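One-based numbering, in listed order, for ligands and for the atoms of each. What you see is a predicted model, and the numbers here were worked out from it, not measured in a lab.
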Amino acid sequence: VKLLFCADLDAAEAATWRTALAAALPEATWLDGETVRRDPAARAGVDAAIVANPPPGSLQGLPRLRLIQSLWAGVDRLLADPTLPPGVPIARMVDPAMTAAMAETVLWAVLALHRGFFDYAAQQRDGVWAQRPQRRADEVGVLVLGAGEMGRAALQRLQAQDYRARAWRRSGGPPLPPLLGQAQIVVNLLPLTPATRGLLNAAFFAALPRGAALINVGRGAHVVDADLLAALDGGQLAHAVLDVFTTEPLPREHRYWQHPRVTLLPHVAALTDPRSAAAVAAANVRAALAGGPVAHRVERERGY
Ligand code: GLV
């Protein structure tokens with residue numbers, strides 16, 4: 001079995017992945033993007049590709065390719081490559097360790113927003129001693145956008161902590177505007193598709209109760225940045241916890257860095273864990289090469 005591993009990762013991360021994947025797929029011979037680009041004979045042999053945001057063009061001209069397995073949960077950047085071979089199945093990564101990490105991050109952010117801990121951190125910086133009202137979790141409405149693997153895990157964690165948490169899904173769910181009016185905290189876990197890009201805009205923020213908060217752990221492009229900044233500046237939104245940005249790394253001069261109502265993370269809400277994800281990828285590669293169904297297959301028209 002010949003497998004292409006092509007990842008936009010730093011050298012240490014790539015090495016960790018190579019070790020984990022080699023252990024999970026001992027039967028495989030591994031090729032890298034460079035070799036495959038240069039050597040037509042190597043290209044002709046590639047059976048499946050395991051990729052993390054590969055450079056556009058990496059997956060074209062591979063006549064035997066039977067599976068493209070993403071190491072990322074979100075495949076928006078992968079699907080943006082116009083040279084992706086049309087008939088080959090693509091699989092998202094669904095990694096249990098990543099799902100658990102996402103539920104933890106969402107719980108941390110919701111708890112901190114609900115209990116005012118970000119405000120207390122600011123008070124400490126300013127040397128201010130002031131106690132704020134204490135609300136109960138069951139008084140806080142939380143709306144999770146997205147009901148996929150991570151959205152559902154976050155929802156369950158929040159409900160287990162007594163939050164009034166609900167999830168919204170774009171297709172086949174209830175309409176969004178009535179839910180927004182009851183959401184003190186919104187958690188974005190949607191996939192980025194043409195239908196969800198820019199969904200978090202001025203109209204969206206205006207439909208929330210005044211003083212609501214946003215947790216964006218989906219993709220930066222879900223948010224219209226100018227609209228979010230205006231909502232934060234005007235107090236319509238009290239706080240935003242942002243893990244993802246339209247441009248990453250977030251440019252040093254971006255207003256989010258210094259904004260008093262923004263808590264910022266460098267895209268770490270949930271990382272794929274090579275220890276568990278390599279096994280997931282291996283099972284999918286074996287299934288695809290045996291002609292069986294591929295788990296977590298992306299529907300290209302839908303965009304996730
Ligand atoms: C992270 O953002 C991922 O899509 O895996």
Side-chain angles (χ1 to χ4, degrees), residues 5-10 13-14 16-17 20-21 24 49-56 58-59 67-81 84 90-109 144-154 169-170 187-197 199-200 214-223 225 240-250 256 263-284 294-300 302-304:
F5 176 64
C6 189
D8 171 23
L9 298 171
D10 69 35
E13 284 177 310
T16 304
W17 274 109
L21 288 168
I50 298 184
V51 300
N53 287 336
S58 309
L59 297 165
L67 173 68
I68 299 168
Q69 171 68 55
S70 174
L71 295 180
W72 287 59
V75 290
D76 43 288
R77 263 173 71 188
L78 182 61
L79 293 182
D81 179 352
L84 275 189
I90 301 173
R92 286 173 289 122
M93 176 48 67
V94 175
D95 166 24
M98 182 193 213
T99 306
M102 183 58 86
E104 289 167 359
T105 301
V106 169
L107 178 60
W108 157 77
V144 178
L145 306 177
E149 301 288 332
M150 288 188 276
R152 290 199 308 271
R169 55 166 67 237
R170 203 188 63 82
V187 179
N188 177 40
L189 271 167
L190 289 165
L192 181 63
T193 70
T196 63
R197 183 177 291 271
L199 180 76
L200 280 62
L214 170 68
I215 300 167
N216 188 17
V217 284
R219 284 289 183 260
H222 285 123
V223 171
D225 290 316
V241 179
L242 306 176
D243 180 58
V244 285
F245 303 92
T246 310
T247 305
E248 295 182 8
L250 183 66
Y256 286 146
T263 297
L264 190 153
L265 297 171
H267 203 139
V268 290
L271 305 178
T272 316
D273 185 332
R275 292 167 298 180
S276 42
V280 174
N284 237 5
V294 163
H296 314 300
R297 185 166 175 175
V298 171
E299 287 179 33
R300 296 193 194 205
R302 194 175 69 161
Y304 65 96

Undergrad: For the side chain of His267 and the backbone of Val217, is there at least one donor-acceptor N/O pair under 3.5 Å apart?
TA: no
Undergrad: Can you list the residues that meet the salt bridge (Lys or Arg N to Asp or Glu O under 4.0 Å) rule with Arg170, with sequence neighbours excluded?
TA: none
Undergrad: Using a strict cut-off of less than 4.0 Å between a Lys/Arg side-chain nitrogen and an Asp/Glu carboxylate oxygen, indicate whether Asp76 and Arg197 qualify as a salt bridge.
TA: no
Undergrad: Side chain to side chain donor-acceptor pair (under 3.5 Å): which pairs involve residues 269-281, sequence neighbours left out?
TA: Asp95-Ser276, Asp273-Arg275
Undergrad: Hey, which residues fall under 4.0 Å of ligand 1 on heavy atoms?
TA: Trp72, Ala73, Gly74, Met98, Arg219, His267
Undergrad: Look only at the side chain of Thr105 and the backbone of Ala269, and say whether a donor-acceptor pair between them is shorter than 3.5 Å.
TA: yes
Undergrad: Asn284: what forms a side-chain hydrogen bond (donor to acceptor under 3.5 Å, both in side chains) with it, not counting sequence neighbours?
TA: Gln69
